[in-house]
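So the structure is just underneath, and the comments pick up after that.
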Amino acid sequence: MNDATLGPRALIGLLGDWRSGGAAYEDLAARIRLLVIDGRIAVGTRLPAERELAARLGLSRTTIAAAYARLRESEHLESLRGSGSVTRLPAAHITPLHPTGADSLDFTKAALPALPWLGEAARAAAERLPAYLGDPGYDPIGLPELRQAIAARYAARGLPTDPDEILVTIGAQHAISLLARTLIGRGDRALVESPTYPHAYEALRGAGARLVAVPVGGEPGASVHPVGDPPLGDGEAIAEAIRHASPSVAYLLPDFHNPTGRSLTELDRERVVDAASAQGTVLIADETTAELDIDRPFRAKPLAAYGPAVMIGSVGKTVWGGIRMGWIRADRGLIRRLLAQRAPNDLGTPILEQLLVSELLPRMDDILELRRTQLGERRAHLEQALAERFPQWTVPHVHGGLALWVHLGAPVSSQLALAARTHDLLITAGPRFGIDGAFERNLRIPLGFTAAETERALDALQAAWATMGGAPVVDADVLSAVV
Ligand SMILES: Cc1ncc(COP(=O)(O)O)c(C=O)c1O
C-alpha cells in the first residue's frame, strides 16, 4: 500500500481519450483498470470521490458510482470506510515469468537473449571463484579488477576514470534507485525526459521526487535521428527545462534513448551540462542501451566527458538481462555517500556475477559487433513487416537501441495493447513511458526478437487491430482476466 491520492485532474490526465463507444461506466472502469494493471496508477492509490470526479468529467454521479462498482467487482478497487476508494489488484493477480502461458509472447521487455558464449564465460568465472572463497564474500563496492576494467572502458571513450570512481551495483535499475535515494529529498524536483524508461521515474518518485517532464524525441512519428545534424532539439529543450525548473537531479538517456531511439548531439550534451552546472543540478546519464549502435561501432563520448555527470552502465542489454550487474561512475564523495546508503537495502553484488562480467568486458567489442549484426537484421525485418502490415502507422528509422517508437495515427495504444493480450501478446502501451497519460498514439515495439517471434507478435497485433475497427471497444470482462 502506498499513501498516494490521485486528484480528479491528475486522473483525467491519465484517462486520456477513454471513451470507446460502450456505456460510459464500462468504458471508464475499463480504462482505470488498465491504468492499474500496467502500473500507471500505483496499487494503493486513493481515487477521487465520486461527486468530484463526476463534476470534472461532466457525468452523473451515478455513472461514476457504477464504474467504481464495476472496479470493485473485478477487485481492482476497494472502498474503505473513511479512506475512500483505493486501487488494488485482484488476489489472483500474479506475474509469473510467462504470464499468459507457454505460448504467449512477452514484448513488454525490450531486450536480447543471452550471448551465445555466456555458458563458456560462466565456467571460466566459476573456475576463478575458489580464490575468493576464503573471504566473507560481502562486496558493497565491487571487485578491484572489475572496477579497473570498467574504468578502462570509460578512459577509452575519452573519460579518464579512476577505479575508485566506480561502484558496482546489481544492475542499472539498482543504480538508479540507489542514486535516487541518495540524492533526492522529499519534494525535490527531478527532471525526466518524456517519454522515458518507466522504472526510472518510478524510482525517482518513490524517493520522494516531484517529477518535471521535458518532451523529447521530436514530433510523434518523426524520424528521431535524421542523417546529418538534427535541428535544435532535445538538448536545448532539456537545458531550458533545467534552467527553468532548477531540479535537484535530471535523469537522461543520452544515447539510443528508450523508447524513441534518439541520441543527443555533441552540442546537445554541451548545452545540457552547462545548464546543469549553472543550476547545481546533478545529471544522471543512463547508458544501459547506449552501446547498441546498429549502424557503426558505438563512439559517443559519455556525458561526463563534457562536464559533471553521474554515469550509469549495465551489461543487461549487451550481455544478458539475467546477469544482474551494473555500475555507477561518480566522484569519490558521492561514491562514499552511495555506499552508506546501500547497506540497509543490500549488502553487495554477487562475486560470481562480477567474475563473469570481468571475463566478458575485455571482449566487449566482439559482443557489440555481434549485437550490431543481430539488431541490424531484426530491425530490417521489423521495419519491412510493419510497412507491409500496418501501412497507416509511422515507423521511425532508428540507428540504435532496442525498440521502435511507432506512431499509430490515433490515440488507441492502450486499447491495442489490451486487445493484443487476448491474442497472447503482452506489449506495453505508449502512455506507460510518459508520466502524465500522454503517448496514447505511440506503441513501443521491441526489435530484439527473432523473425519468427516478431511475425507471431505482428499476427497478434493485426488481429487485435482488426477487432478495434474505427471505434475500438474493449470488453471489461477481458480486462479483469488479463495480466
Ligand atoms: C534505460 C534503462 N535503464 C535501466 C534498465 C535496467 O537495467 P538492468 O537490467 O541493468 O537493471 C533498463 C532495462 O530495460 C533500461 O532500458
Side-chain angles (χ1 to χ4, degrees), residues 38-39 97 106-115 118 142 146 150 166-181 190-204 206 216-217 224 234 249-264 283-293 298 300 302-303 309-329 342 345-346 349-350 353-354 356-357 360-361 364 367 371 375 398 400-405 426-428 432-435 444-449:
D38 80 3
L97 204 51
D106 186 357
F107 269 47
T108 63
K109 314 253 178 333
L112 287 161
L115 273 188
L118 193 60
L146 177 61
I150 294 169
I166 304 292
L167 167 67
V168 176
T169 63
I170 311 169
Q173 184 60 39
H174 175 225
I176 298 167
S177 64
L178 184 57
L179 283 163
R181 277 186 274 121
L191 181 135
V192 292
E193 294 155 297
S194 180
T196 191
Y197 166 58
H199 296 316
Y201 71 69
E202 285 169 352
L204 293 165
V216 297
V224 288
D234 290 356
V249 306
Y251 167 85
L252 305 175
L253 299 164
D255 302 277
F256 305 123
H257 172 272
N258 179 8
T260 67
R262 77 87 180 91
S263 295
L264 294 182
L283 288 176
I284 301 175
D286 181 348
E287 293 197 313
T288 300
T289 55
E291 291 174 294
L292 296 170
D293 194 320
F298 176 62
L303 198 60
V310 178
M311 305 299 303
I312 293 177
S314 168
V315 293
K317 306 294 181 182
T318 50
V319 175
W320 189 39
I323 302 202
R324 306 302 308 144
M325 223 219 70
W327 57 86
I328 295 170
R329 180 198 183 277
R342 178 174 189 164
N345 291 280
D346 76 276
T349 311
E353 229 92 342
Q354 295 191 62
L356 173 53
V357 173
L360 292 167
L361 274 188
M364 200 40 107
I367 294 173
R371 294 318 198 182
L375 287 170
V398 296
L402 285 161
L404 299 184
W405 185 236
L426 303 181
I427 191 160
T428 312
R432 184 76 178 93
F433 299 89
I435 60 170
R444 185 188 74 163
I445 307 186
L447 48 81
F449 287 87

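For ligands, and for the atoms within them, numbers begin at 1 and follow the listed sequence. For reference, positions follow the sequence shown, starting with 1. Given the structure is predicted, the values throughout are model-derived calculations rather than measurements.
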Discussion item. Quick one, Arg444 and Asn258 - any side-chain contact, counting heavy atoms below 4.5 Å?
Written reply: yes
Worksheet entry | Atoms of ligand 1, numbered as shown, that sit under 4.0 Å from any heavy atom of Ser314 | 8 (P), 10 (O)
Worksheet item: Considering only the protein, which heavy-atom contact is closest to atom 3 (N) of ligand 1, and what is its distance?
Response: Asp286 OD2, 2.6 Å
Discussion item. With heavy-atom distances below 4.5 Å as the criterion, would you say the side chains of Glu193 and Thr260 are in contact?
Written reply: no
Fill in: Nearest-contact summary for atom 7 (O) of ligand 1 - protein heavy atom, Å
Ala172 CB, 3.5 Å
Discussion item. Just to confirm my output: which protein heavy-atom neighbour is closest to atom 16 (O) of ligand 1, and how far is it?
Written reply: Asn258 ND2, 3.0 Å
Item to complete: Go through the structure and list residues passing salt bridge (charged side-chain N to carboxylate O under 4.0 Å, His left out) with Arg181, not counting sequence neighbours.
Response: none
Fill in: Residue from Val398, Asp293, Leu112 passing side-chain contact (heavy atoms from CB on, under 4.5 Å) with Leu375
Leu112
Worksheet item: Which of the atoms of ligand 1 are close to Leu253, meaning less than 4.0 Å from one of its heavy atoms?
Response: 1 (C)
Fill in: Which residues share a salt bridge (charged side-chain N to carboxylate O under 4.0 Å, His left out) with Arg329, sequence neighbours left out
Glu165
Worksheet item: Looking at Glu287 and Lys317, does any basic side-chain N land under 4.0 Å from a carboxylate oxygen?
Response: no
Fill in: Subset of ligand 1 atoms that lie under 4.0 Å from at least one heavy atom of Gly171
10 (O), 11 (O)
Worksheet item: Given His257, Lys109, Arg324, His174, which has its nearest heavy atom closest to atom 11 (O) of ligand 1?
Response: Arg324
Item to complete: Considering heavy atoms of the protein only, find what lies nearest to atom 6 (C) of ligand 1 and give residue, atom and distance to 0.1 Å.
Response: Tyr197 OH, 3.3 Å
Response to the item:
ligand 1 to Lys317, heavy atom cutoff 4.0 Å, flagged ligand atoms 12 (C), 13 (C), 14 (O), 16 (O)
Worksheet item: What residue among Ile170, Leu360, Val357 forms side-chain contact (heavy atoms from CB on, under 4.5 Å) with Met325?
Response: Val357
